[in-house]
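One structure below.
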Number of protein chains: 2
Amino acid sequence: MDTTKRARYDSYEAPACPVEASLELIGGKGKGILLYHLLEGKLRFNELGRRTGGMTARMLTKQLRELEFVGLVRRDVYPEIPPKVEYSLTAAGVSLTPLLHLLKEWGEQHAIELLNNLKTPQ
Amino acid sequence: MDTTKRARYDSYEAPACPVEASLELIGGKGKGILLYHLLEGKLRFNELGRRTGGMTARMLTKQLRELEFVGLVRRDVYPEIPPKVEYSLTAAGVSLTPLLHLLKEWGEQHAIELLNNLKTPQ
DNA sequence: CCGGATCCCCGATGATACTG
DNA sequence: CAGTATCATCGGGGATCCGG
């Protein structure tokens, strides 16, 4: 069974608000970086791991499986020794391009600063 | 103390990736809808509650406090009987306008459909 | 009207070890 | 290389009741 993929979407009610629906799909932990790096093209599992720094293999697998399950990411397995698995964006995933760029831009211009100022409040 | 506001930001390490930083700020449960409705202008607590449907008062308070704490939302209290509290966007909050509209657009065009197709897979 | 305080459960996540 | 299995933890979030 593919309960691993479904996991967090079992007995799940889609939000009526489109803004929430979008955030539901791309807002998971680490999904932002993963999608952003996949804009470059196909990437292998460990390569994605390297680019996301502190993500454990377990989390990496989980987030990628969820992205695959909702239809934003494609997973291609090459039955070789050693194994080779490539991840890439589906058409729906590619349609995220402007959104991901805007998220990056706003992050650079506002988010990073807002988060850093939390340490020295008032 | 304002530990209530800080809560989820205590012992918190800001993400290096700007995309993740943005999602960290606006990706919380219900934050998307809240920010989106606040684009219209000042709104009172119960009015926000009505617009967000299934959100409990507790969650509403929590999310609004976090948005206030990071500097995206301003909270104005009018010491009256009965109490009156108005929420509005700060300058940083207003700077989210294009991002929120894009999130809504992508949600309408892709996210809603992707989420609905999860019920009838394969 | 706008919350605060408490109790409590369960899923999300980390650490670690193992495998085809 | 690309994961899986298992254990343990921890905090998010619902339910409920209380207060100015």
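Because the structure is a prediction, the values reported are computed rather than measured. All chains are named by letter (A, B, ...) in the order of the sequence lines, taking the proteins before the strands, and each is independently numbered beginning at 1. Atoms considered below: every heavy atom in the structure, side chains included; atoms not considered: hydrogens, waters and symmetry mates.
- In terms of phosphate contacts, Arg44(B) brings a side-chain nitrogen or oxygen within less than 4.0 Å of OP1 or OP2 of dC2(C).
- Partners of Thr61(B) according to the side-chain contact (heavy atoms from CB on, under 4.5 Å) rule, which considers only residues two or more places apart in sequence or in another chain, are Phe45(B), Arg65(B).
- Salt-bridge check for Glu66(A) with Lys31(A): passed, with a basic side-chain N closer than 4.0 Å to an acidic carboxylate O.
- Contact annotation: Arg65(A) reaches the phosphate of dT4(D) (side-chain N/O to OP1 or OP2, under 4.0 Å).
- Straight-line distance from the CD1 atom of Ile81(B) to the C1' atom of dG3(C): 13 Å, rounded to whole Å.
- Put simply, CG on Leu43(B) is 15 Å from C1' on dC2(C), counting in whole angstrom units.
- Considering all non-hydrogen atoms of both residues, Ala92(B) and Leu114(A) come closest at CB-CD1, 4.2 Å.
- Across Met55(B) and Lys29(B), no two heavy atoms sit closer than the pair CE-O, 4.0 Å.
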Pairs under 3.5 angstrom, nitrogen or oxygen only, protein versus nucleotides 14-20 of chain C, please.
{"unit_1": "dG14(C)", "atom_1": "OP1", "unit_2": "Lys29(A)", "atom_2": "NZ", "d": "3.2"}

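- For the pair Tyr87(B) and dG3(C), the criterion of a side-chain N or O lying under 4.0 Å from OP1 or OP2 is met.
- For the pair Asp76(A) CG and dG3(D) P, the interatomic distance rounds to 12 Å; values are reported in whole Å.
- For Lys62(A), a side-chain nitrogen or oxygen approaches OP1 or OP2 of dT13(C) to under 4.0 Å.
- Between the C1' atom of dT13(C) and the NZ atom of Lys31(A) lies a distance of 13 Å, rounded to the nearest Å.
- Atoms CG (Leu60(B)) and P (dG13(D)) sit 13 Å apart, rounded to a whole Å.
- Taking atom CD on Gln63(A) and atom C1' on dG11(C), their separation rounds to 13 Å, with Å as the unit.
- Between the C1' atom of dC2(C) and the CE atom of Met55(B) lies a distance of 15 Å, rounded to the nearest Å.
- Considering CG of Asn46(B) and CZ of Arg51(B), their distance stands at 12.5 Å, rounded to 0.5 Å.
- A donor-acceptor pair shorter than 3.5 Å cannot be found between the side chains of Tyr87(B) and Lys42(B).
- Of the residues listed (Asn116(B), Leu115(B), Asn117(B)), the one engaging Glu113(B) in a side chain to side chain contact (heavy atoms under 4.5 Å, CB included) is Asn117(B), and it is the only one.
- For the pair Glu80(B) CD and dC2(C) C1', the computed distance is 13 Å after rounding to whole Å.
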